[in-house]
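Okay, structure first, notes after.
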Number of protein chains: 2
Amino acid sequence: MALSHAIMTALLDDDMSGYELAKAFDVSLGLFWHASHQQIYQELRKLVEKGLLEKETVPQQGKPDKIVHRLTGAGREALAEWVWGESRVQAGKDDLWVKLYNLSPDNVGHLAAEIAGRRDGMMRRLYLYEKIRRRHYAEPEALPVRRQGVYLALLAGIREGEQFLAWCDEALALLAQVESANPARPTAPRP
Amino acid sequence: MALSHAIMTALLDDDMSGYELAKAFDVSLGLFWHASHQQIYQELRKLVEKGLLEKETVPQQGKPDKIVHRLTGAGREALAEWVWGESRVQAGKDDLWVKLYNLSPDNVGHLAAEIAGRRDGMMRRLYLYEKIRRRHYAEPEALPVRRQGVYLALLAGIREGEQFLAWCDEALALLAQVESANPARPTAPRP
DNA sequence: TGCCAATATGCAACTTGTTGCATAATTTAA
DNA sequence: TTAAATTATGCAACAAGTTGCATATTGGCA
């Protein structure tokens with residue numbers, strides 16, 4: 001399982017609490033590997049049990065205490081070792097592709113709307129990516145080695161997003177044609 | 001859950017046994033939604049229980065009997081209805097991105113090799129996609145509506161694959177630079 | 001003062017997906 | 001003729017991931 005390794009990776013630079021990890025995941029590694037806070041808390045517990053992390057309760061003012069987790073030497077070693085293993089790709093699962101297999105004059109409008117929505121969401125994500133890129137990765141070749149790896153992941157996200165936008169436009173064009181050529185039968189329009 | 005809907009979608013045109021579904025998944029919908037044969041058998045049982053599929057044992061010569069599954073009217077309705085619901089995207093989970101966050105002079109060679117391997121695999125997949133495209137989707141606008149949807153999914157796969165190849169090349173170029181600029185410390189080379 | 005939001009952690013039940021094994025018939029190759 | 005591969009289905013145990021809830025502290029707003 002790699003969630004544990006994603007968490008350890010996130011802890012390479014900064015010690016964090018579960019709550020902070022969950023937040024960080026939303027804007028960094030989490031763009032490539034999503035996890036809910038429940039999953040993160042469970043995983044943190046297991047990692048502490050295995051001695052790969054150690055935890056420390058840190059009192060805060062104006063907020064409840066937090067439990068900060070730090071990579072141990074064993075954790076760092078295990079992570080470095082893991083990199084050498086075989087990667088597993090878990091293809092993304094997206095209803096949209098399955099739905100497209102069900103395209104019909106009835107639902108072409110709905111599917112076009114869904115794709116338009118996706119396009120919108122991807123625009124926002126790309127905007128975030130570009131902001132990060134400009135701020136932190138303007139000159140990738142001048143970065144320390146590890147940061148160059150992060151840059152490559154970011155670049156993959158950007159490229160994939162741009163490609164997706166282009167596909168959305170193509171798809172919407174074709175669906176518009178389909179729609180005008182095949183008027184939906186007048187069934188009750190769905191909510 | 002959408003595996004059930006992926007299965008029903010695969011059964012739109014042809015009645016199939018679990019074994020045949022597992023095979024079909026490897027070369028069609030399964031490129032967008034992978035499932036092991038165990039999952040498929042379990043899901044088929046549930047769908048039959050719900051009355052969305054019906055099964056029939058078909059004796060064969062030279063082979064064991066097979067249990068063919070067919071969409072019922074209720075199944076078709078449920079599927080058409082599902083298309084109108086909200087889509088869930090489950091982002092792909094790929095160790096590679098997490099590993100890139102761990103790039104170091106030690107492992108840059110290993111990661112470059114992994115990326116080269118991925119590039120290779122994607123080439124093969126694109127070759128398959130293109131074969132399908134030429135054979136069945138040469139003139140997309142002349143196809144029946146539902147097939148145009150399938151075409152759009154295929155197109156997304158092709159575009160994504162081409163983008164990935166380009167990224168691999170960029171990444172390999174940058175990693176080669178990193179490697180020559182930062183010779184790995186002479187630790188024992190891994191298997 | 002009472003309510004909501006943010007911070008912070010966690011349990012319990014459930015669904016989904018994986019791994020490893022078991023079974024059984026028939027064809028093909030050594 | 002024995003062994004291996006293919007076709008075909010399935011169980012059981014486990015790991016991973018989701019959903020819904022529970023709890024507690026503090027700050028800000030009305």
Could you please name the option among [options] that lies closest to any side-chain atom of [X]?
X	options	answer
B:P64	D:dT9, C:dG10, C:dA25	C:dA25
A:R45	D:dT18, C:dC11, C:dA24	C:dC11
B:H37	D:dA8, D:dG10, D:dA16	D:dG10
B:Y41	C:dT19, C:dT7, D:dG10	D:dG10

For B:Q42 and for A:Q39, locate the closest nucleotide of DNA chain D by heavy-atom distance; then report the residue assigned to the nucleotide nearer the 5' terminus. B:Q42

How is A:K23 classified with respect to the nucleic acid when contacts are heavy atoms under 4.0 Å: base, sugar-phosphate, or nothing? sugar-phosphate

Figure out the [atom1]/[atom2] separation between [X] and [N], and round it to whole Å.
X	N	atom1	atom2	answer
B:I40	D:dT9	CD1	P	11 Å
A:Q61	C:dA8	CD	P	13 Å
A:L44	C:dA8	CG	P	14 Å
A:E20	C:dA6	CD	C1'	14 Å
B:H69	D:dA8	NE2	P	14 Å
A:D65	C:dA8	CG	C1'	9 Å
A:K63	C:dT9	NZ	C1'	15 Å
B:F25	C:dG17	CZ	P	11 Å

Between B:T9 and A:N102, does any side-chain donor sit less than 3.5 Å from a side-chain acceptor? yes

What pair of heavy atoms forms the shortest contact from B:K93 to A:H34, and how long is it? NZ-O, 3.4 Å

Which is it for B:S87 and A:K99 under the side-chain hydrogen bond (donor to acceptor under 3.5 Å, both in side chains) test, yes or no, and what are the steps along the way? CA-CA 9 Å; B:S87 286; A:K99 288 189 179 178; 3.0 Å; yes

Would you say [N] has OP1 or OP2 under 4.0 Å from some side-chain N or O of [X]?
X	N	result
B:Q60	D:dA8	yes
B:Q38	D:dC11	no
A:R88	D:dA16	no
B:K93	D:dG17	yes
A:S17	C:dT9	yes

CD1-OH distance between B:I132 and B:Y127, expressed to the nearest 0.5 angstrom: 12.0 Å

With heavy-atom distances below 4.5 Å as the criterion, would you say the side chains of B:V83 and A:D106 are in contact? no

